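Below: the structure, in structure tokens.
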Amino acid sequence: MAVSPADKPTFLDSTLATILIQDNDDATVSLNMATYTGTEGDPTFGDVCAVAVLSGAGGSFEADLVVTLGTSDGSAESASDFTLTTSMVTFGSGDSSGSSKCFAFNLIDDMILENDEVFGVEITGAGGASFGAPSTAVVTIEDNDAGEVMAVMTGLSIAEGSNDDFCIRLIGTTGSPNMLASNLTVTFSITNDNAVADDYTLTPAAATSVTILAGAIPSSDCVTVDAVDDLFVEGAERFTFTITSD
């Protein structure tokens, strides 16, 4: 059958069509752990990492994926106990699904004798990717300072009718701390050798502990021992102080 010119197709002005291929690969970003532990004085603590996973086949990134991290104060406070020195990481060409990128912290050495401290971290941005679990975590900073307590008395004997102070003294050792962050209670016990309870008194009465107040160290707290003048002719009497806990 012959085709007449009137039957020929007509070409419109636009002879090109743009086809959009929609990507079916989704990215999920999470932290590599829910808890971390670092040591005070580490200027490059880098255990906190972001992990990016692609859901589709292929498993590699072609466009950059930027992940940001934020912090929240706990007993550890930003600027005085830690700083976040690298808050942004980028997954890009050549990075495969499941790869990780790590943030960096300076865990500040503060020369304070204190308990271990904690602060929070969380993923705050993921360039359009979904947040996986965990996206928040807790970092513990272990204190690198240490101290020791010792018993101190002016003399090792007290005359009847006089008194002396029994003191417990805190000094800094490892890390040479020069401050105590919070009050420290130290307990002690008294063991009578040939002395009896009527031979002496304590002030405060019946004390079994002392409290070394927060502040500069070395520092001490004391109890006063009064030797009772009992008017008996007798030999020397003894009792012993022992530090039992700190």
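All heavy atoms count here, side chains included; hydrogens, waters and symmetry mates do not. Count residues from 1 along the sequence. Source: prediction; values computed, not measured.
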Going by salt bridge (charged side-chain N to carboxylate O under 4.0 Å, His left out), name the residues that satisfy it together with Asp95, two or more places apart in sequence or in a different chain.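 So Asp95 forms a salt bridge (charged side-chain N to carboxylate O under 4.0 Å, His left out) with Lys101.
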
Check for a donor-acceptor pair, side chain of [X] on one end and backbone N or O of [Y] on the other, with a separation under 3.5 Å.
X: Asn106; Y: Thr83; value: no
X: Asp116; Y: Asp143; value: yes
X: Ser75; Y: Val118; value: yes
X: Asn192; Y: Asn194; value: no
X: Thr174; Y: Ala146; value: no
X: Asp81; Y: Glu40; value: no
X: Asp165; Y: Cys167; value: no

Residue list, side-chain contact (heavy atoms from CB on, under 4.5 Å) with Ala129, at least two apart or on another chain: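 Ala129 satisfies side-chain contact (heavy atoms from CB on, under 4.5 Å) with Ala27, Val29, Leu65, Ala126 once adjacent residues are dropped.
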
Do the two ring centres, one from Phe119 and one from Phe105, sit under 6.0 Å apart?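 Yes, the ring of Phe119 comes within the 6.0 Å limit of the ring of Phe105, centre to centre.
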
May I ask you to check whether Phe45 and Phe82 place their ring centers less than 6.0 Å from one another?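 No: the rings miss the under 6.0 Å criterion.
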
Where [X] and [Y] come nearest, the two heavy atoms and their spacing:
X: Ala50; Y: Val67; result: CB-CG1, 4.1 Å
X: Pro134; Y: Met33; result: CG-O, 3.6 Å
X: Phe61; Y: Ala52; result: CZ-CB, 3.5 Å
X: Ile112; Y: Ala181; result: CG2-CB, 3.7 Å
X: Ala216; Y: Ser219; result: O-CB, 3.5 Å
X: Ile158; Y: Ala227; result: CG2-CB, 3.8 Å

Can you find a pair of side-chain heavy atoms, one from [X] and one from [Y], that are under 4.5 Å apart?
X: Thr44; Y: Thr85; value: no
X: Val225; Y: Leu202; value: yes
X: Thr208; Y: Ser189; value: no
X: Asp193; Y: Phe239; value: no

Could you tell me the separation between the [atom1] atom of [X] and the [atom2] atom of [Y], rounded to the nearest 0.5 Å?
X: Leu31; Y: Thr136; atom1: CG; atom2: OG1; value: 7.5 Å
X: Glu122; Y: Ser135; atom1: CD; atom2: OG; value: 7.5 Å
X: Met153; Y: Ile168; atom1: CE; atom2: CD1; value: 11.5 Å
X: Leu107; Y: Thr39; atom1: CG; atom2: OG1; value: 8.0 Å
X: Arg169; Y: Asp221; atom1: CZ; atom2: CG; value: 12.5 Å
X: Glu160; Y: Asp226; atom1: CD; atom2: CG; value: 12.5 Å

Passing option when Val121 is tested against Val138, Val139, Leu84 for side-chain contact (heavy atoms from CB on, under 4.5 Å):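 By the side-chain contact (heavy atoms from CB on, under 4.5 Å) criterion, Val121 pairs with just one of Val138, Val139, Leu84: Val139.
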
Thr140/Thr37 under side chain to side chain donor-acceptor pair (under 3.5 Å): CA gap, chis, key distance, verdict: CA-CA 5 Å; Thr140 299; Thr37 301; 4.7 Å; no

Polar side chain donor-acceptor pair, Thr28 to Ser130, under 3.5 angstrom: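 Side chains of Thr28 and Ser130: no pair found under 3.5 Å.
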
Is a side-chain donor-acceptor pair under 3.5 Å present for Thr244 with Thr187?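 Their side chains do contain a donor-acceptor pair, which is all the 3.5 Å distance test asks for.
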
